[in-house]
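Structure record follows, encoded as structure tokens.
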Amino acid sequence: MYAKVIVDVWANQLNRPFDYLIPEEFEDIIEVGMRVAVPFGSRTVQGFVMDIVLETTFEGKISPIIKPMDLEPVLTPEMILLGQHMSQTVFAFLISCYQTMLPPMLKSKYEKYFHLKDPEAYPEIYQNYFNGEDTVEDVGQFTNQELAKLLRLRKEGVVSVEHKVIDKAKVKMEDWLIRLQSPMDYQVIQAATPLKATKQKLFLAALEALPKEQSEILKKDFVDQNGFTAADVKTAISKGWVKLEKRPVNRDPYAGREFTQTNALQLNEAQQLVFDEVLHDMRQDIVKTYLLEGVTGSGKTELYLQWIDEVIQKGKSAMMLVPEISLTPQMVNRFKSRFGDRVAVLHSGLSAGEKFDEWRKIKNKEADIVVGARSSIFAPIEDIGIIILDEEHESSYKQEENPRYHARDIAIWRARYHHCPVILGSATPSLESRARAQKSVYQLLELPTRAKDQPLPEVKIIDMKQEYSKNRGTFSLELQEAIKDRLDKKEQTVLLLNRRGYSSFVMCRDCGYVLECPNCDISLTLHMDVHQMKCHYCGFETNIPRRCPKCFENQIRYYGTGTQKVEEELQELFPEARIIRMDVDTTRKKGQHEALLNKFGSNQADILLGTQMIAKGLDFPNVTLVGVINADTSLNIPDFRSFERTFQLLTQVAGRAGRGDLAGEVMIQSFNPENYAIQLAKSHNYREFYAREMQVRHMGNYPPYVFTTMITVSSEEEGLALREAVKIRQYLEQILTGQTILLGPTPKSIARINKRYYFQILIKYKREPQLTRALNELMLQTQQTTANKVTVSIDVEPMSFL
DNA sequence: AGCACGCCGACT
DNA sequence: GTCGGCGTGCTC
């Protein structure tokens, strides 16, 4: 028998199965979907079994599989199919698709080691280099000289270099103490133990004191509670009082947390209508993709919960995706308190071990509800009854690196496989999805009012052009007054500023010199807290210059505003205010995000100042004022989606106000107060925004009126990248139809990042049946001709043209 | 001669 | 992607 194996090597020529012999002893063990260790060239690598066949057409030498790496398949037949589909649609290697579907712990590490073939013939080398062993694993311990000697010996065939696959997947084990005697016995033994053996007597007493029905206890707990040491336990084991047992345990990120059971809330009329519509379809076995358009606070989450409940009642499983930044403890709480332990939560904040265990929990059917960010769309649940994407418009559903998949597409594929509905929910749907609903590709569901009939918050736009004549600070007088008012009333304020750091750039007022990153074509951002200039693209850091590096004058000034600077200004204006700043810099460490939100939620702070990570999902009833410090930052990004993003961001952040019994107020500061994205966010008018923006898209030939694909060519050599890009354009011109628009190659808006030059070609098309084939061909060719100097990457439906 | 370096093809 | 083989050219 032979196995068709996809090997763990990222190269175009290897993007197909290789045949391996299944050794007889593994014939009834190795299954489709398992990981195996296989020889590949002179190395050993991990691979995935795609198929098992009786015959092979390969005429060369067939190597046997070294060993299986799993006891059960890690990929289901569904996943194997999905990987093939994904690979073809997003132009990514099969291996990268499969690896993306699995927790990172299942990706093996590789190690090299030296092996001495005949130690007896070379006693001196055996002793000096191999420390009396057949192999040495830590190659790093040798000096260059020693290494050279070993490599010479390899040429002579005395020493060989071997490769090893190391499986990182480790099931965590816990030590349990098993009681071997009865309490009465322990009493007897204790009496017979010499007086001076105090620790032993205490140990026996503790054993005796265990409740009668408890025959085992976690070693850690027993030791902690009684103040024993590892030596005490050892003695007890050697005396035969207890025995030690290792047991597998799930690393539970939410261990020890109490979730009070909650029940379904009463739905209002609009919710009920929407709820019933989907339910009705489910009962009729009609499967659709729904677009749930519901204003902020309209109770979408409650609907999700009730649909999920409906589905699991029928013995099926459910999946709900949320954007990474809105996977707040609040959201987790709602799910865990409604459904308890059957919920598995997956997000980037988990450790590798926790991710692996949540994944296993799903695989072992201990959990049948999955809540998670983008990649949890690949969770190994079977018999899915519903898939929900909350905040459907969020760009974080698209992976920005290979494989560049969109979770929405994967959701729809999986839903078709499982014959179940998909719910796309948002207060501000993406134009793509909304247009599809218009064309009845998706079924539109609407929730036009807030759940408890609270009014949507009053939104005021503050014209910063007018403000500038009386006040040049970051905060308009009106916003200052409003903040003051909330501080007096002990109500809370949320402030949004879409730029982290202190200042956006540093310039010499004398000669105009702007401090830029040496690796990228972008100015450095000042970070006052660490007193460094940082590049937000490659991570470069340098000291803050005192004098201009060019003209040496003492005229260095800071321009633009980031969250750090605003925090300082705010504190100056309101010395008594307790401020929390939330951006990537303050939430980088594990748990910080949650800690800050908890602090704000429990009223230990008056003002929450942050970047767009605070715009979503937060539900704090005491927040009555939301301020947007500068609505123009996202508006002025030269991308066709900048108005859409601005409208979404403003609507989302406005939705944070007035969620409790108190009315909310929103203030948007802008230098473009008449802009329709801002005006329509003010009036909460998604419908009108959709109509206006669609016109603009139509005029400019932008999505959703056209499909787009972006090709990016990069190299350390600028000329090489450009030449290759031009060749690609010429190639595409020959193949694609006349209606298709080809733009570029043009340098990317940040032409150089991390010492590499980037050029892009944009393809806009309505119908282009040859495109997939042409792009697959392109990937093959570019890889062969230019080896590794030029990188070509294809992004289907990019989130931005920048 | 000895080896560092770059290029190329193969990998079941 | 990574390794080994091979050719070129440089150094001790």
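In what follows, every chain begins at residue 1, and chains take the letters A, B, ... in the order their sequences are listed. Since this is a predicted model, take the numbers as computed values, not measurements.
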Item to complete: Return yes if a side-chain donor-acceptor contact under 3.5 Å exists between A:E516 and A:S523, otherwise no.
Response: no
Worksheet item: Is the closest side-chain donor-acceptor distance between A:E162 and A:T135 under 3.5 Å?
Response: no
Discussion item. In whole Å, I'd like the distance from the CG atom of A:L14 to the C1' atom of B:dA10.
Written reply: 9 Å
Item to complete: Look at the side chain of A:I62 and decide which nucleotide, out of B:dT12, C:dC3, B:dC11, has an atom nearest to it.
Response: B:dT12
Item to complete: Using a 4.0 Å heavy-atom cut-off across all strands, classify A:P39 as base, sugar-phosphate, or nothing.
Response: sugar-phosphate
Worksheet item: Is it the case that A:K164 places NZ or CZ above or below the six-membered ring of A:Y113, under 6.0 angstrom from the centre and within 45 degrees of the axis?
Response: yes
Worksheet, complete the sentence: A:D19 has its side chain closest, among C:dG1, B:dT12, C:dC3, to B:dT12
Worksheet item: Rounded to the Å, how far apart are A:Q46 CD and C:dT2 C1'?
Response: 17 Å
Worksheet entry | Between B:dC11 (P) and A:I65 (CD1): distance, integer Å | 18 Å
Worksheet entry | Whole angstrom value for the distance that separates P of C:dG1 from CZ of A:F93 | 8 Å
Item to complete: Would you classify A:K4 as touching base, sugar-phosphate or nothing, given that sugar-phosphate means primed atoms plus P, OP1 and OP2, and contacts are heavy atoms under 4.0 Å?
Response: nothing
Item to complete: Can you tell me the distance, in whole Å, between the CD atom of A:E111 and the C1' atom of C:dT2?
Response: 17 Å
Worksheet entry | Under 3.5 Å side-chain donor-acceptor pair for A:Q46 and A:D167 | no
Practice prompt. Output the single nucleotide from C:dC3, B:dC11, C:dG1 whose closest atom is nearest the side chain of A:F18.
Written response: B:dC11
Worksheet item: Of the nucleotides C:dG1, C:dC3, B:dT12, which one has an atom closest to the side chain of A:Y20?
Response: B:dT12
Worksheet, complete the sentence: Rounded to whole Å, the NE2-P distance (A:H163 to C:dG1) equals 17 Å
Worksheet item: Could A:R767 and A:Y765 be counted as a cation-pi pair, given that NZ or CZ must be under 6.0 Å from the ring centre and within 45° of the axis?
Response: no
Worksheet item: Rounded to whole angstrom units, what separation is found between the CZ atom of A:R16 and the P atom of C:dG1?
Response: 17 Å
Worksheet entry | Value in whole Å for how far the P atom of C:dG1 lies from CG of A:N402 | 12 Å
Discussion item. C:dC3, OP1 or OP2 - any side-chain N/O from A:K112 closer than 4.0 Å?
Written reply: yes
